[in-house]
Undergrad: 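Okay, here's the structure, questions in a sec.
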There are 2 protein chains.
Amino acid sequence: MLNNASKTYSISELAEEFSITARALRFYEDKGLLTPSRHGQTRVFSAADRARLRLVLRGKRVGFSLDEIREMLDLESITSDSPQHLGLWLKRFRTRINALKQQRRDIDDAIEELETGCAWMEARQADLEPSEELKSRARAFEALSRARLEH
Amino acid sequence: MLNNASKTYSISELAEEFSITARALRFYEDKGLLTPSRHGQTRVFSAADRARLRLVLRGKRVGFSLDEIREMLDLESITSDSPQHLGLWLKRFRTRINALKQQRRDIDDAIEELETGCAWMEARQADLEPSEELKSRARAFEALSRARLEH
DNA sequence: TATTACGTTTACGTTAACGTCAAGAAAAGA
DNA sequence: TCTTTTCTTGACGTTAACGTAAACGTAATA
């Protein structure tokens, strides 16, 4: 515990580091996601707060709502909960995992399609004049994407 | 073109098939994402409309807004556009791709964490009585997750 | 001392993506 | 023909995640 665990951060420091606004940080506190201590009236964020924030933002990126994120962060509540509650959480976790896996497949598909689009645009950009040959290539691309639409 | 390309769908058929509401479908039309033909006043969706809808929903799943999805679906407009506009779209595609790749990494991390959580809960569920040994395991888990919080 | 920077709370505004009536037309089955 | 179902077009309501503005306190700096 001799590391930088005792370092503290102001609201604007954290805001800049994570490219969010101070308003968002205050909002997260209102929602119970963060609980920074106070020096007088001013918020003081610890290293733990910063770590929680990192998890919050990652949760957001993968599509969790702030409410869901808060619930997941409160793993302590699971630790001391009833077996029924435990089973409920297990189900929710599994559901989440499946949704995430589906999302990953969708993302892979989307990336592929976007890269196809990029390649096509680059090829088109390489030529300066829109020749007839290009127009036929364009038509080919359209046919391709149309083909992909079916099925 | 002898396939089922001529099959048509009612609004509720499509709604049920994709587990969305008729309201959503009308909304997508308002937004210019779908353009079903009409039989009198009633909407008639073609196979192409259905295919576009599939793409819309996939776009949604990976985090695109409806506006973005509509722009991407209108690839025709790119086909006949200026080189500057082409470059703009190229940039936007690349930005999207990077965002998607980051999102993929986040999802992988999230899945891992959730699966760790599942494993822990299952292990805990296996025992009926919360023994002392379990409590120590719980503490170990907490320490572990705390450790992961740092850095 | 005056200004600038940074912080606070309170509260109303905004956008996206629909939900939810209301009120009526049209088609399908009994 | 009567009834039920499915469809239509408004139009207002809702939720999440902040944005934005007001009005003020405090602290460092010129």
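Chain letters run A, B, ... following the sequence lines, proteins first and then strands; every chain starts at 1.
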Undergrad: Which heavy atom of A/Cys118 sits nearest to which heavy atom of B/Arg94, and what is that distance?
TA: SG-CG, 4.1 Å
Undergrad: Listed by chain and number, what are the side-chain contact (heavy atoms from CB on, under 4.5 Å) partners of A/Thr8, not counting sequence neighbours?
TA: A/Val44
Undergrad: Which residues pass the side-chain contact (heavy atoms from CB on, under 4.5 Å) test with B/Ala119, not counting sequence neighbours?
TA: none
Undergrad: Sequence neighbours excluded, which residues qualify as salt bridge (charged side-chain N to carboxylate O under 4.0 Å, His left out) partners of A/Glu16?
TA: none
Undergrad: List for me each residue that meets salt bridge (charged side-chain N to carboxylate O under 4.0 Å, His left out) alongside A/Glu68, sequence neighbours excluded, and say none if there are none.
TA: A/Arg96
Undergrad: Only counting residues at least two apart or in another chain, list the ones meeting side-chain hydrogen bond (donor to acceptor under 3.5 Å, both in side chains) with B/Ser12.
TA: B/Ser10
Undergrad: Walk along DNA chain C from 5' to 3' and tell me the first and last nucleotide with an atom closer than 4.0 Å to a non-hydrogen atom of chain B.
TA: C/dA17 to C/dT20
Undergrad: Whole angstrom is fine here: how far is it from CD in B/Glu13 over to P in D/dT5?
TA: 17 Å
Undergrad: Let me know, please, whether B/His39 or B/Lys60 comes out on the 5' side of the other along DNA chain C by nearest nucleotide.
TA: B/Lys60
Undergrad: Which parts of residues 16-37 of chain A get close to DNA chain D, meaning a heavy atom less than 4.0 angstrom away?
TA: A/Thr21, A/Arg23, A/Ala24, A/Phe27, A/Tyr28
Undergrad: List in chain and number order the residues that pass side-chain hydrogen bond (donor to acceptor under 3.5 Å, both in side chains) with A/Thr21, two or more places apart in sequence or in another chain; answer none if no residue qualifies.
TA: none
Undergrad: Under 3.5 Å, side-chain donor or acceptor atoms of residues 97-107 of chain A against the rest of the protein: list the pairs with distances, not counting sequence neighbours.
TA:
| residue | atom | partner | partner atom | Å |
| --- | --- | --- | --- | --- |
| A/Gln102 | OE1 | A/Arg105 | NH2 | 3.0 |
| A/Gln102 | NE2 | A/Asp106 | OD1 | 3.0 |
| A/Gln102 | NE2 | A/Asp106 | OD2 | 3.4 |
| A/Arg104 | NH1 | B/Asp108 | OD1 | 2.6 |
| A/Asp106 | OD1 | B/Arg61 | NH2 | 3.4 |
| A/Asp106 | OD2 | B/Arg61 | NE | 2.4 |

